[in-house]
Enquirer: 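Please see the structure below; I have some questions.
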Amino acid sequence: MPNFVKSQIKSGDTKSLLMNKTAQIKKNHQFIKFRKLVIVSILIGFLSAFLGISLKKITEYYEEIFFHEVSVNPIFYIIFPVFGLSVIYFLRQYLFKKKENKGIKEVFESTKTTKNLPSYKIPSHFINGLLTVIFGGSTGIEVSTVVATATIGSVAHEKENVFRQYKTELICAGVAAGVTALFSSPIAGILFALEVISRKVTRAFIISNVIAVSIAFGLLTILKEEPLFAVSIATWHLKAIPYFILLGILAGINSVYLTRCVLFFKSQFGKIDTHYYKILIGSAVLSISLFTFPQLYGEGYHAIKGIFGSSSQLPLTITLALTFIGILILKPIVTSITLASGGDGGVFAPSLFIGAFLGLLLASILNTFFHVNVIPVNFMIIGMAAVLSASIHAPFTAIFLVCGLTNDYTLFFPILVVCLISKYTAKTIYPYTVYSYSPSLIK
């Protein structure tokens, strides 16, 4: 065989060998990346779930104690709000780098830019969210949990060069695990991360989020966490569908009122230069509102549990109707002022609260004046999902989140329909949520 032919064969063999070697290296690299992604997702899932469960448990424990105190000694309606907002202010000034918490907008900024969530956001949101609620701030710990767990994902992505391209996926994994821990619904966790934060699905998103929520749900199972609301739902009737549609429209309108209140009061309080004036004004409004309607204290879940227990025996009187209307008008205002005067939180818990009271009010009116015999509990649950769906423009998150809260999927179909109606009603009236609005959008 001629020499040049032999050299060609050798050259071909070398090329083939190099190609095989390159392919093997690439394969090994992909496997290492995959393995590291799995490990970091497990860690994020565990830490985020642990943080979410801890914050929920501590908040429930101290909120119950402090709410009992204000019930016995009404003077605490004045002391608690001003004390809680003052402590949060001083913590921000001297411990958390004088930075105000911006809520979920911080997460959006991080996923859309090269900016990372600093690690101090974990204790900042944990402590400030806890203090806001237990001292009467009319909001919830959900957004505090979301930002703190997003920060866990953000910090993890910085630790290895391999994770640089997975920043959004790892942040979403933390958020999904945190939401799962709060509401006992892994599907709601993933859907919230998808509908509100990521808005796109990648292979890494599926892997990291499924692993994180599985770990979170496993931890909930080990700890034998009970659903937040122990409600028995027997059935629902086709004849109620027109009234469900009406509830969806009313929920959309109420959610726009909540959104506009939050944006308005944040804008107005932003014009006050001296922060302690914000605290004094906010505390005064909170104290008067809580004294008039104790149901507005903290997250308001205690009030929802109370009306769940007595909804079927509540005859609608003028006094009761006015109480419900007053609560529905005041809740968005006190939530907005809590946030505008320095409290930490968001619109999750207020939306669920408004939805429950709106649903019960509508069902009571229908039963008292029109004798249609609808089931009040069903209207409360569907109302909770509908207002949340419209407030955050995430209907599928709202569906699974509320079903997870009650651990019952009997109302899945009416909730689906009403959540879509409420979202598009809200979007038609006002296209923004408190998360998506930016002053630059309005010229």
Side-chain angles (χ1 to χ4, degrees), residues 183 185 187-188 191 195 227-229 231-259 304 307-316 320-321 324-325 327-328 331-332 347-348 350-430:
F183 298 107
S185 175
I187 300 171
L191 286 171
E195 283 187 293
L228 186 59
F229 301 117
V231 185
S232 96
I233 303 159
T235 185
W236 63 276
H237 304 290
L238 287 171
K239 67 174 186 179
I241 287 178
Y243 310 119
F244 290 155
I245 292 169
L246 175 60
L247 177 58
I249 294 166
L250 292 173
I253 294 166
N254 271 269
S255 77
V256 171
Y257 172 52
L258 172 61
T259 300
I304 297 175
I307 58 172
F308 265 135
S310 59
S311 60
S312 54
Q313 292 91 35
L314 273 178
L316 188 68
L320 191 62
F324 284 178
I325 291 165
I327 285 169
L328 290 172
K331 179 66 176 181
V347 297
F348 257 85
S351 296
L352 296 172
F353 179 93
I354 291 165
F357 276 89
L358 176 66
L360 181 54
L361 176 61
L362 179 59
S364 301
I365 290 170
L366 290 170
N367 288 342
T368 304
F369 298 108
F370 300 96
H371 308 291
V372 293
N373 295 320
V374 295
I375 304 168
V377 168
N378 290 1
F379 273 69
M380 288 173 63
I381 291 165
I382 294 169
M384 288 163 72
V387 176
L388 181 61
S389 165
S391 295
I392 64 175
H393 289 184
F396 297 102
T397 298
I399 295 161
F400 286 97
L401 190 145
V402 170
C403 288
L405 280 175
T406 56
N407 197 27
D408 195 305
Y409 287 79
T410 306
L411 297 172
F412 184 87
F413 178 73
I415 290 176
L416 170 63
V417 172
V418 176
C419 281
L420 292 171
I421 289 168
S422 67
K423 178 198 166 178
Y424 288 107
T425 300
K427 225 173 173 182
T428 304
I429 300 168
Y430 191 68

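Computed from heavy atoms alone, side chains included, the values below leave out hydrogens, waters and symmetry copies.
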Enquirer: Over all heavy atoms of both residues, which pair between P395 and S389 is shortest? Give the atoms and the distance, please.
Expert: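 Residues P395 and S389, closest heavy atoms: CA-OG, 3.2 Å.
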
Enquirer: Provide the closest heavy-atom pair for P242 versus L238 in the form atom of the first, atom of the second, distance.
Expert: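 Heavy-atom minimum between the residues: CD-O, 4.1 Å.
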
Enquirer: Which pair of non-hydrogen atoms, one from T406 and one from P227, has the smallest distance, and what is that distance?
Expert: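 It is C-CB, 4.2 Å.
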
Enquirer: For a quick test of reading the model, state the closest non-hydrogen atom pair linking G252 to A426 and the distance between them.
Expert: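 Taking G252 first and A426 second, the nearest heavy atoms are O-CB, 3.7 Å.
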
Enquirer: Within the 4.5 Å heavy-atom criterion, are I415 and C403 side-chain neighbours or not?
Expert: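 They are in contact (side-chain heavy atoms under 4.5 Å apart), so the answer is yes.
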
Enquirer: To the nearest 0.5 angstrom, please state how far the OG1 atom of T259 sits from the CG atom of N254.
Expert: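 The OG1 atom of T259 sits 10.5 Å away from the CG atom of N254.
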
Enquirer: For N367 and P376, which heavy atoms make the closest approach, and how far apart are they?
Expert: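 Heavy atoms only, the tightest pair is ND2-CG, 4.1 Å.
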
Enquirer: Quick one: are K423 and S255 in side-chain contact, heavy atoms under 4.5 Å?
Expert: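 Answer no - side chains too far apart.
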
Enquirer: Tell me, with the steps shown, if F370 and I365 meet side-chain contact (heavy atoms from CB on, under 4.5 Å).
Expert: CA-CA 7 Å; F370 300 96; I365 290 170; 4.3 Å; yes

Enquirer: With rounding to the nearest 0.5 angstrom, report the OG1 to CD1 distance, T428 to I253.
Expert: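 Taking OG1 in T428 and CD1 in I253, the distance rounds to 11.0 Å.
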
Enquirer: How about F400 and F396: are their ring centroids closer than 6.0 Å?
Expert: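 Here the rings of F396 and F400 have centres that are no less than 6.0 Å from each other.
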
Enquirer: Does atom CZ of F413 have more than 12 heavy-atom neighbours from other groups under 6.0 Å away?
Expert: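 Open: at most 12 neighbouring heavy atoms sit under 6.0 Å from CZ of F413.
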
Enquirer: Is the backbone N or O of G404 less than 3.5 Å from a side-chain atom of S185, with the two atoms forming a donor-acceptor pair by type?
Expert: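 Checking the backbone N and O of G404 against the side chain of S185, no donor-acceptor pair under 3.5 Å is found.
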
Enquirer: Can the positive tip of K331 be found less than 6.0 Å from the middle of the six-membered ring of F353, inside 45° of the ring normal?
Expert: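 Satisfied, under 6.0 Å and within 45°.
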
Enquirer: Would you mind reporting whether V372 and K239 have side-chain heavy atoms less than 4.5 Å apart?
Expert: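 Sidechains of V372 and K239: no contact.
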
Enquirer: Does Y257, at its OH atom, have more than 12 non-hydrogen atoms belonging to other residues, nucleotides or ligands within less than 6.0 Å?
Expert: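 Yes, the 6.0 Å shell around OH holds more than 12 heavy atoms from other groups.
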
Enquirer: For the pair I307 and F357, evaluate side-chain contact (heavy atoms from CB on, under 4.5 Å) and give the outcome as yes or no after the intermediate values.
Expert: CA-CA 8 Å; I307 58 172; F357 276 89; 3.9 Å; yes

Enquirer: Testing the basics here: between M384 and L352, what is the closest heavy-atom pair and its distance to 0.1 Å?
Expert: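 So the two residues come closest at CG-O, 3.2 Å.
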
Enquirer: If you define the side chain from C-beta out and look only at heavy atoms, does anything of I381 sit under 4.5 Å from F308?
Expert: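 Sidechains of F308 and I381: in contact.
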
Enquirer: Under the side-chain contact (heavy atoms from CB on, under 4.5 Å) criterion, do I392 and E195 qualify, and how do the steps go?
Expert: CA-CA 9 Å; I392 64 175; E195 283 187 293; over 6 Å; no

Enquirer: Does S391 reach the main-chain N or O of V387 with its side chain, forming a donor-acceptor pair under 3.5 Å?
Expert: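 Checking the backbone N and O of V387 against the side chain of S391, a donor-acceptor pair under 3.5 Å is found.
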
Enquirer: Any idea how F244 and W236 line up, ring-wise: parallel (<30°), tilted (30 to 60°), or perpendicular (>60°)?
Expert: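 Plane angle between 30° and 60°, so tilted.
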
Enquirer: Assess, by modelled atom type and distance only, whether the side chains of D408 and T410 contain a donor and an acceptor separated by less than 3.5 Å.
Expert: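 T410 and D408 do have a side-chain donor-acceptor pair below 3.5 Å.
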
Enquirer: Using the side-chain contact (heavy atoms from CB on, under 4.5 Å) definition, which of the options L411, L361, L247 pairs with F379?
Expert: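 Considering L411, L361, L247, a side-chain contact (heavy atoms from CB on, under 4.5 Å) with F379 is found only for L247.
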
Enquirer: Are the side chains of F183 and F348 in touch, meaning some heavy atoms are under 4.5 Å apart?
Expert: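 With C-beta onward as the side chain, the pair touches.
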
